[in-house]
Structure formats: structure tokens, C-alpha cells
*Asks:* 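Attaching a single structure in C-alpha cells format; questions to follow.
Computed from a predicted structure; not experimentally measured. So you know, we letter chains A, B, ... as the sequences are listed, proteins then strands, and number each from 1.
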Protein chains: 2
Amino acid sequence: MNENIEKFRESIPLLGNEELKELIKDIPFNDLVSIWDDLDTDEALKILSLLDIDDKVDLVRSLSPPRQEELIRNLSSEHAKVLLDEMEPDDLTDFIQSISPGVREDVYSHLSEESREETQFLLKFDEDDAAGLMTPRYLALRSSLSIAQALSWVRQHAKDVETVYNIYVIDHQKRLIGVVSLREILTSDDNEIIENIMEENIISVKVDTDQEEVAKILEAYDLLALPVVNEDQKLMGIVTFDDIIDVIREEQTEDIYKMGAMGGSTERYLESSIVALVKKRIPWITILLIAATFTTNVLDHFTSLMTAATVLALFIPTIIGTGGNSGTQSSTLMIRGLATGEIHLRDFWRVMAREIVVSTIIGFFMGILIILRSVFLPPFVGLVPAIAVGIALCFVIMVATMVGAIAPLLIKKLGADPTVMAGPLMATIIDLSGLTIYFLVAKAILGL
Amino acid sequence: MNENIEKFRESIPLLGNEELKELIKDIPFNDLVSIWDDLDTDEALKILSLLDIDDKVDLVRSLSPPRQEELIRNLSSEHAKVLLDEMEPDDLTDFIQSISPGVREDVYSHLSEESREETQFLLKFDEDDAAGLMTPRYLALRSSLSIAQALSWVRQHAKDVETVYNIYVIDHQKRLIGVVSLREILTSDDNEIIENIMEENIISVKVDTDQEEVAKILEAYDLLALPVVNEDQKLMGIVTFDDIIDVIREEQTEDIYKMGAMGGSTERYLESSIVALVKKRIPWITILLIAATFTTNVLDHFTSLMTAATVLALFIPTIIGTGGNSGTQSSTLMIRGLATGEIHLRDFWRVMAREIVVSTIIGFFMGILIILRSVFLPPFVGLVPAIAVGIALCFVIMVATMVGAIAPLLIKKLGADPTVMAGPLMATIIDLSGLTIYFLVAKAILGL
């Protein structure tokens with residue numbers, strides 16, 4: 001947030017519409033979205049009224065559902081109509097799904113007949129599937145047209161569709177039989193027939209293809225849009241790249257939340273209720289707590305050892321903390337590698353070989369480090385216990401690294417999601433095995 | 001990986017070219033990329049030769065740098081020439097940057113004069129800036145043209161550029177003065193002048209705009225391409241949406257690595273050397289280990305307490321583990337919220353208010369849970385020490401949650417990257433304060 005935008009925000013109540021309009025021109029759109037939550041409803045409506053229609057639509061699309069709802073409720077019926085009519089059917093459907101049922105009726109009443117029908121058609125599909133992302137506003141034509149005819153037809157209908165850059169070719173039963181890009185049409189001879197230039201090897205998705213799969217396909221082929229077909233190969237709609245970018249961002253948030261031991265809802269933090277925030281966090285914290293309590297049993301087993309060498313208790317947090325960090329590093333590499341397709345299950349032994357070497361090197365250095373640290377700095381433990389701790393730490397790092405690497409691969413093999421499961425499972429195994437290794441090694445070296 | 005693709009892979013050495021070509025048609029492109037690492041060089045060359053040129057380019061683009069290099073080295077000079085000539089200049093530049101210097105000379109010798117010039121121009125810019133993503137192959141025309149003239153000009157030049165869908169309007173000094181979409185050209189009257197329909201309020205980026213910023217702008221406006229200008233507003237190139245999707249993915253990997261306490265290089269795991277893997281992991285592990293050893297000083301301070309009530313040592317891992325998990329949850333929400341722009345520094349007090357309430361609720365339940373667990377299950381600690389542990393855990397969770405929430409906001413305020421710094425900083429503070437709170441609370445309740 002820079003100074004300009006702060007100044008602008010402060011000047012909103014002071015300036016007239018004409019002056020504000022001039023100012024808005026110089027404000028980056030992102031900044032406008034970012035101050036939106038600070039505006040009261042009157043200010044927000046004032047600013048909205050000064051934007052041109054495309055920016056209005058973009059702005060409403062960028063806001064969070066509660067703010068969208070508030071705006072729509074406060075707009076005059078006429079303004080709401082214009083705004084809703086300009087929204088693409090897929091965005092409109094998302095919007096309708098996110099607002100409260102009371103406002104929904106209101107929104108429906110503002111829609112044109114066409115928009116209402118399109119929205120009701122789209123609402124039938126699952127939000128997270130290809131069909132939940134698609135728009136029914138695409139260009140489709142017959143294969144017998146000449147290029148000149150096709151171009152003139154595209155020019156007539158360009159205003160009504162989300163993209164004119166991919167044009168779909170359908171048969172008399174509306175089955176998708178080809179795709180042609182506007183670029184190919186432009187670079188072909190006027191007398192050429194569509195059938196001869198269309199791509200028949202069509203890359204399409206089904207209505208129920210998962211949205212993450214849709215994103216991967218669009219990415220792999222660098223497509224602007226993907227056609228969505230039903231089981232009879234009938235063209236139902238298209239998914240455009242801008243919706244896919246949103247899917248990738250959402251997926252990213254989900255993955256990061258999972259790594260932070262939280263449920264996958266991606267609701268905005270400041271708009272989540274306290275109940276929602278607790279619900280998001282308490283399940284994993286509980287599972288992890290119960291798992292962690294097994295460490296009390298391991299420690300209970302070594303009570304007499306800790307009494308004999310009280311110095312050993314001092315290193316418990318360091319040992320399991322460092323073990324946990326090593327495991328996090330290797331599991332993060334595996335989870336990400338599996339997600340991006342860089343690592344496959346068949347690479348298991350190659351992964352193991354690398355992790356054994358890497359963890360031995362890291363373990364060796366960390367072992368030396370903790371020996372020096374413990375002997376020469378407070379709490380100044382003796383050399384023999386320090387060596388016991390150092391050797392134990394080296395082994396703990398090796399085991400923790402292997403557990404961190406194996407857990408995601410194993411979970412993937414079992415068909416579950418490594419992102420959610422690997423962290424907690426791994427943490428528990430590392431804590432339990434780490435403490436056991438630590439005390440056994442120390443016991444052996446100290447001769448207790 | 002499904003069975004079909006496995007079968008296909010096995011049949012490669014057995015089948016003739018014609019049969020293989022038929023089979024390849026039915027193989028999804030993603031699957032082809034995924035088996036590539038399993039093919040030996042001869043097999044890979046065989047398959048490559050059977051693909052049409054667009055798929056060849058897509059495939060080479062999708063491979064990792066070492067595999068790309070291997071392919072190019074083994075292709076006949078003539079085939080390499082064709083392939084390299086079909087690559088977009090921005091992809092070609094990335095490719096040249098990733099291969100070894102020896103092969104680079106070879107690649108240069110295969111390039112056409114035009115490609116060589118374009119590549120050398122692009123190589124001057126930083127890989128992570130807007131200019132590092134841009135292609136110089138765009139359409140730019142003068143504002144005085146009529147729509148009919150413009151359309152005919154676009155049709156003539158469509159073959160030479162990366163996208164025909166955004167057309168840029170420049171003055172006689174090559175300064176960007178407007179943008180017009182192909183769609184607007186198509187829907188305008190043939191006699192209209194470009195100047196009258198072009199958008200003068202241009203959304204552009206500078207050559208040195210960071211690539212993540214470029215991604216955010218393209219996303220906010222749902223653009224297909226963004227023009228890149230120099231300080232004199234001269235048009236240097238354009239960045240297209242497909243490159244932005246790659247940036248978003250790369251950024252995602254970087255963030256996930258940072259959360260897993262590792263350096264930001266996004267090199268593929270299986271292609272990283274052992275030295276690279278150790279280098280990626282050892283710095284953070286070392287810092288975290290040194291930080292963790294301060295817990296030995298805290299524990300040293302409470303040695304007499306642990307000797308008086310040995311049961312307290314049993315809960316050390318559970319207490320700091322659960323504290324760490326609570327801190328991870330709140331810090332993950334903050335880090336992600338800051339990254340997506342949902343949370344701003346000015347929301348500090350709103351965030352604190354929510355986290356206090358949420359952490360009190362979670363702390364209360366976890367406290368009850370550990371009391372019940374410790375009393376009724378082994379190691380069967382007495383009710384009084386169990387209550388001491390439960391109350392201490394509740395406080396630890398509250399403090400850890402607050403630390404987790406404050407750390408990212410504070411680091412952001414100081415101008416550093418919360419993703420890298422928050423985890424380690426937080427873990428250390430939580431371990432130290434958690435242990436201190438634990439022993440102080442336990443001491444007070446047990447009256448020792």
C-alpha cells in the first residue's frame with residue numbers, strides 16, 4: 001500500500017464526482033480492490049458509480065462474496081441489472097452460489113431471461129468440476145462454411161461470447177467434431193472450407209472432470225480455452241484460461257493450509273466466523289495432540305535413565321525439533337515432487353539412495369555442531385554426554401529424513417493425499433522413533 | 001500412470017514407426033511427458049520423430065533442462081534446426097539459459113539469423129523480470145489505419161507472432177499509445193479508424209517489473225497478454241498468459257519449499273546433485289539447530305524442578321509439539337493471507353482479537369483432553385500434575401498462536417519475506433516461551 005492510494009482513500013468524502021473520476025484513472029486496479037474493505041457502503045457505491053462498466057464488472061468479480069452481496073443489495077435496481085447483465089455466465093453462477101438465499105431471489109429478478117436460463121443451466125453442475133467453470137457463451141459453427149463465411153459470422157457474433165479466439169465446429173447433433181482458432185481462420189484463404197483447416201484431434205474435457213485436472217490439461221497445451229463435452233461428445237460449454245488461473249491459486253491456498261495442518265476450506269480469514277476458524281483448526285490439533293502424547297509413554301520407559309543422567313532431558317526438545325525439521329525438508333520435497341509429477345512412485349529406490357547420502361552428510365555435520373555447542377557454551381555438558389548427544393542426533397536426522405521421504409510416497413501408494421496425511425503421521429513417527437533412538441544410543445555410550 | 005501408457009511404453013522397441021504413430025495419437029500429451037524419463041535416448045528420438053512439429057515443440061518445452069539438452073545434442077543438425085526455429089523466442093531464451101555453455105554454441109549455430117538476434121536481445125534481461133518472460137513477436141500498428149486495413153495487415157502477419165489477439169498501437173518512436181483487441185477490430189465497422197477504438201488507458205509493465213507482480217496484474221485484469229515497455233514508454237515485447245501460469249506454478253513451489261525450511265531453488269529433485277540437495281537443506285537446518293539449543297539453557301534452569309517432579313519431563317515433547325502446531329496454524333493463515341492480499345498490516349488488531357478468542361477456545365479443549373488422557377491412560381500420572389500440565393498446555397497454545405500470528409505480520413512490517421523467516425523465528429520463540437510457561441505454571445500449581 002503506497003501513499004498515493006492512502007491519500008486517494010482520504011479524499012473520497014471530500015471531492016466531487018468529476019475530480020474523483022480523474023483521480024481514479026491513475027489508480028492501479030489492484031490498489032482499488034485493496035482499499036475496498038476500508039470504504040463504507042456509501043463511499044463504495046460512489047466509487048463504483050464512477051467506473052466504466054468493464055471495470056465495474058472486474059471489481060465486483062474481485063471482491064469477496066460478502067462485499068459483493070453488500071454492493072448488490074445497495075445498488076439501485078437499474079444499476080444492479082446493468083452490472084449483472086455484463087457479468088459472464090460462469091462468474092455470475094459463482095456469484096449466485098456464494099450469496100445468501102434471500103439476496104439470490106433478488107439477483108434472479110434482475111437478470112435478463114437469457115442470463116437466468118444460462119445460470120440455471122450452469123447451477124446444475126458441481127462447482128469443482130469442469131462444468132462448474134464453463135461458460136455457455138462460445139462460438140460454434142458448421143464444418144461446411146467457407147473461411148469468408150466463417151469470418152463474417154464470427155464478426156457478427158463476437159459481442160455475445162466470452163472468447164472469439166477459439167471457434168468450435170459441431171455437427172447437426174451439436175457433437176464437437178473440430179476446433180479452429182481465429183488465427184487459423186485469419187491466415188487461411190477466403191475460399192478454403194472450415195472442414196479442411198479444423199483440428200480434428202480435439203483436446204477436450206468431460207463435464208465431470210475435476211477442475212485441477214482441467215488446469216493441468218490447459219497448462220500442458222498452453223490453451224486459451226478448453227471445450228467441455230458430455231458423454232455423447234456434445235459440446236456443453238468452454239472453460240477459459242482466466243478461470244484456470246483462479247483454480248491454480250485456490251489449489252495453492254488449499255495445499256498451503258494442508259501443510260499448516262488445517263482443513264481445506266479457502267474462505268478468507270477476516271471473513272471467517274470464529275466458529276469456522278476453530279472448526280478449521282481443532283480437528284488436526286486434536287489428532288496431533290493425541291499422537292504426541294505417546295511420547296509420554298516412550299519417556300516414561302526411560303525415566304530411570306533420565307534420573308541417572310539428568311543432562312539427557314535437556315536435549316529432548318533439540319533432538320526431536322531437529323528430527324522434525326529434517327523430516328519436514330524431505331517430505332516437502334516429496335510432496336511437491338509428487339504434486340508436480342516430477343517424482344513418481346517408481347522412483348522409490350532412487351529417492352531412497354539420495355536421501356540416505358544427503359541425510360548422512362547433514363547428520364554428520366549437525367552431530368559435530370551440537371557436540372561443540374554443548375561442550376563450549378552453557379550449559380557446558382561434559383564431553384562424553386555431548387558425544388552421546390551428537391551421535392544420537394546424527395542417527396535421529398538420518399531416520400527422520402527417511403521417514404519424511406517415505407511417508408508421502410507410501411500414502412500416495414495407498415491412494416490417499418500425501419499433502420494432508422504426511423505431516424502428522426510423520427511428526428508422530430519421528431518423535432517416537434527419535435526419542436527411542438536418542439535414549440538407546442545415549443544409554444549405550446554412557447554405559448548406563 | 002495407467003496401464004495403457006505402460007503398455008505403450010513397452011511396445012516402443014517392438015513396433016514399427018507407422019504402428020507407433022497410430023498409437024501416439026491416442027496417448028494424452030501429459031502421459032507422454034510423464035514416461036519420457038523412462039525412455040532411453042534412441043527410444044526418445046524415435047518417438048520425437050513421429051510427432052508433428054507443434055507437439056515436438058510442446059514436448060521439448062515440457063521436459064527438464066537436462067533432458068532437453070540431451071535431446072538437442074542427439075538430434076541431427078537438420079532436425080534440431082527445424083525444432084529450434086519453431087520455438088517461441090521467450091521459450092528459446094529460457095532453454096538457452098538452462099543448457100550448458102558447450103551445447104549453447106551448438107544451439108546458436110542452428111538458429112536462423114532472426115532467432116539469434118531475438119534471443120540475444122532477450123538474454124540481456126533478468127530472468128525473473130517482466131523482460132525475462134517477454135517475446136518480441138507481437139503485432140504493433142499505427143493509429144491512423146482503418147479497421148479494414150488493420151484486419152488485412154493482421155491476416156498477413158498472423159503467422160509470425162505469438163498472439164494475434166491483442167494488437168498494440170505505437171507512434172513513430174515506437175512508444176506504446178494504445179491497445180486494441182482483435183475482437184474489437186472484428187466487431188467494428190470497416191471504415192472506422194484504429195485511433196477511435198483503441199484503449200488508451202493501457203495496462204503495461206516495465207522491463208524490470210518482478211515476474212510475480214506481472215502475474216498479479218495479468219490475473220487482476222484477466223488479460224491474455226501484457227505489453228512490456230522501457231522507461232521511455234517504448235514497447236519492448238509482450239508477456240503472454242501461458243508464461244504467467246508457469247510463473248504462478250514456480251512461485252507455488254518456492255513458497256512450499258520455504259515453508260518446508262529450504263532454499264528457494266526450484267530445480268527438479270531427481271535432477272539435483274547431492275551437493276545441491278545438501279546445500280538447499282543445510283543452511284536452515286543449521287540455523288534451526290542453533291536456535292533450538294537455547295532450549296537446553298531453559299531446561300537447565302529448571303533441572304531441580306524436573307528432579308523434584310520427574311513426571312514433568314514426560315510432557316516436554318507434547319507441550320512444545322502442540323505449541324508448535326498451534327503456531328504453524330496461525331502463521332500459515334497469516335502468511336497466506338498476506339500473500340494473497342486478503343490480510344493487510346492495518347488489520348493487525350482485528351487479527352489479534354480473533355486469534356485471542358480462537359486460541360482460548362482451542363487451548364481450553366486441548367487442556368481438558370490432555371488431563372483426561374494422562375490420568376486415565378498410561379503413564380497414569382496423578383490428577384494434580386495432570387491438571388498442572390493441562391493448564392500449562394492451554395497457556396502454551398494461546399501464546400504460541402499469538403506468536404504464530406504476530407511473527408509474519410512483524411516480519412512483513414520490517415520489509416522481509418514472512419514465508420522464509422516466520423517458521424524458524426516462530427519455532428524458536430515458541431519452544432523457549434512454551435517451556436518457560438510450562439515449568440512456571442507447573443511449579444506454581446505443584447507448589448514446588
*Asks:* Within the side chain of Asn325(B), is there an N or O that forms a donor-acceptor pair under 3.5 Å with the backbone of Gly321(B)?
*Replies:*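 A pair under 3.5 Å: yes.
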
*Asks:* If I measure from the heavy atoms of chain A, does Ile319(B) come under 4.5 Å with its side chain, its backbone, both, or neither?
*Replies:* neither

*Asks:* Is Asp347(B) in contact with chain A via its backbone, its side chain, both, or neither, using a 4.5 Å heavy-atom distance?
*Replies:* side chain

*Asks:* Counting heavy-atom pairs closer than 4.5 Å to chain B, which one of Ile285(A), Ile362(A), Asp242(A) comes out on top?
*Replies:*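 The residue among Ile285(A), Ile362(A), Asp242(A) with the greatest pair count is Ile285(A).
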
*Asks:* What part of Arg373(B) gets closer than 4.5 Å to chain A, counting heavy atoms only: side chain, backbone, both or neither?
*Replies:*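 Side chain of Arg373(B) only, per the 4.5 Å heavy-atom cut-off to chain A.
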
*Asks:* So that I can tick it off, tell me whether Glu342(B) and Arg336(B) are bridged by a salt bridge, with the cut-off set at under 4.0 angstrom between side-chain N and carboxylate O.
*Replies:* no

*Asks:* Side chain, backbone, both or neither: which part of Leu393(B) has an atom under 4.5 Å from a heavy atom of chain A?
*Replies:* side chain

*Asks:* For chain B, which of Asp58(A), Ile282(A), Val357(A) has the most heavy-atom pairs under 4.5 Å?
*Replies:* Ile282(A)

*Asks:* Chain B: which of Ile185(A), Thr240(A), Ile343(A), Asp243(A) shares the most heavy-atom pairs with it under 4.5 Å?
*Replies:* Ile343(A)

*Asks:* Please state whether the side chain, the backbone, both or neither of Ser304(B) comes within less than 4.5 Å of a heavy atom of chain A.
*Replies:* neither

*Asks:* Please classify the contact between Met366(B) and chain A as side chain, backbone, both or neither, with a heavy-atom cut-off of under 4.5 Å.
*Replies:* both

*Asks:* What residue, out of Tyr221(B), Phe315(B), Phe294(B), Phe365(B), has the most heavy-atom pairs lying under 4.5 Å from chain A?
*Replies:* Tyr221(B)

*Asks:* Could you tell me which of Ala220(B), Ala158(B), Ala292(B) has the largest number of non-hydrogen atom pairs under 4.5 Å with chain A?
*Replies:*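 Max contact count across the listed options: Ala158(B).
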
*Asks:* For Thr360(B), which residues count as a side chain to side chain contact (heavy atoms under 4.5 Å, CB included) partner, sequence neighbours excluded?
*Replies:* Ile356(B), Met398(B)

*Asks:* Pro379(B) and side chain to side chain contact (heavy atoms under 4.5 Å, CB included): which single residue from Leu299(A), Val298(A), Asn297(A), Thr293(A) fits?
*Replies:* Asn297(A)

*Asks:* Which atoms of Asp300(B) are under 4.5 Å from chain A, going by heavy atoms: the side chain, the backbone, both sets, or neither?
*Replies:*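 Backbone plus side chain of Asp300(B), per the 4.5 Å heavy-atom cut-off to chain A.
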
*Asks:* For the interface with chain A, which of Val311(B), Thr322(B), Ile203(B), Ile244(B) has the highest count of heavy-atom pairs at distances below 4.5 Å?
*Replies:* Thr322(B)

*Asks:* Can you see whether Thr295(A) engages Thr318(B) through a side-chain donor-acceptor pair at a distance of less than 3.5 angstrom?
*Replies:*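 A donor-acceptor contact under 3.5 Å links the two side chains.
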
*Asks:* Go through Ile316(B), Asn201(B), Leu182(B) and name the one with the most non-hydrogen pairs under 4.5 angstrom from chain A.
*Replies:*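 Most heavy-atom pairs within the cutoff with chain A belong to Leu182(B).
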
*Asks:* Please state whether the side chain, the backbone, both or neither of Arg183(A) comes within less than 4.5 Å of a heavy atom of chain B.
*Replies:* both

*Asks:* How close do Ala405(A) and Ser330(A) get, heavy atom to heavy atom, and via which atoms?
*Replies:*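 It is N-OG, 3.4 Å.
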
*Asks:* With under 30° as parallel and over 60° as perpendicular, where do the rings of Phe241(A) and Phe241(B) fit, or are they tilted in between?
*Replies:* tilted

*Asks:* Select one option (side chain, backbone, both, neither) describing which atoms of Thr303(B) are under 4.5 Å from chain A's heavy atoms.
*Replies:*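 Side chain of Thr303(B) only, per the 4.5 Å heavy-atom cut-off to chain A.
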
*Asks:* Among Val351(B), Ile361(B), Asp431(B), who wins on heavy-atom pairs under 4.5 Å with chain A?
*Replies:* Val351(B)

*Asks:* Specify which of Val275(A), Val381(A), Val358(A) makes the most heavy-atom pairs with chain B at under 4.5 Å.
*Replies:*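 Most pairs with chain B among the choices: Val358(A).
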
*Asks:* Only pairs of heavy atoms separated by less than 4.5 Å count here; which of Asp55(A), Thr307(A), Leu224(A), Thr163(A) has the most with chain B?
*Replies:* Leu224(A)

*Asks:* Apply ring pair (Phe, Tyr, Trp, His ring centres under 6.0 Å) to Tyr269(B) and list each qualifying residue two or more places apart in sequence or on a separate chain.
*Replies:*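 Residues passing ring pair (Phe, Tyr, Trp, His ring centres under 6.0 Å) with Tyr269(B): none at all.
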
*Asks:* Is it the backbone or the side chain of Val154(A) that comes under 4.5 Å from a heavy atom of chain B, or both, or neither?
*Replies:*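 For Val154(A), the contact with chain B is made by the side chain alone.
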
*Asks:* Contact part of Ile320(A) toward chain B, heavy-atom cut-off under 4.5 Å: side chain, backbone, both or neither?
*Replies:* side chain

*Asks:* What part of Ser374(A) gets within 4.5 angstrom of chain B, counting heavy atoms only: side chain, backbone, both, or neither?
*Replies:*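 Answer is neither: Ser374(A) stays 4.5 Å or more from chain B.
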
*Asks:* Tell me which of these, Thr310(A), Leu345(A), Ile274(A), Ile217(A), has more heavy-atom pairs under 4.5 Å with chain B than the rest.
*Replies:*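 Of the candidates given, the most pairs with chain B belong to Ile274(A).
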
*Asks:* Counting distance only, does the side-chain N/O of Arg155(A) pair as donor-acceptor with the main-chain N or O of Thr187(B) below 3.5 Å?
*Replies:* no

*Asks:* Which bit of Leu223(A) is near chain B, if near means a heavy-atom gap under 4.5 Å: side chain, backbone, both or neither?
*Replies:* backbone

*Asks:* Taking all non-hydrogen atoms of both residues into account, name the closest pair between Pro317(B) and Leu435(A) and its distance.
*Replies:*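 What the structure gives for the nearest pair is CG-CD1, 4.0 Å.
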
*Asks:* Which atoms of Val389(A) come close to chain B, meaning under 4.5 Å heavy atom to heavy atom: side chain ones, backbone ones, both, or neither?
*Replies:*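 Answer is neither: Val389(A) stays 4.5 Å or more from chain B.
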
*Asks:* Using a 4.5 angstrom heavy-atom cutoff, name the option from Ile248(B), Leu277(B), Asp255(B) with the most pairs to chain A.
*Replies:*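 Greatest number of close heavy-atom pairs with chain A: Ile248(B).
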
*Asks:* Is it the case that Glu184(B) and Ser181(B) place a side-chain donor and acceptor less than 3.5 Å from each other?
*Replies:* yes

*Asks:* For Glu355(A), which atoms come within 4.5 Å of any heavy atom of chain B: side chain, backbone, both, or neither?
*Replies:* both

*Asks:* Given that the side chain runs from C-beta out, which part of Leu369(A) has a heavy atom under 4.5 Å from chain B: side chain, backbone, both or neither?
*Replies:* side chain

*Asks:* Name the region of Ser326(A), side chain, backbone, both or neither, that has any atom closer than 4.5 Å to a heavy atom of chain B.
*Replies:*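 Looking at Ser326(A), backbone and side chain both touch chain B.
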
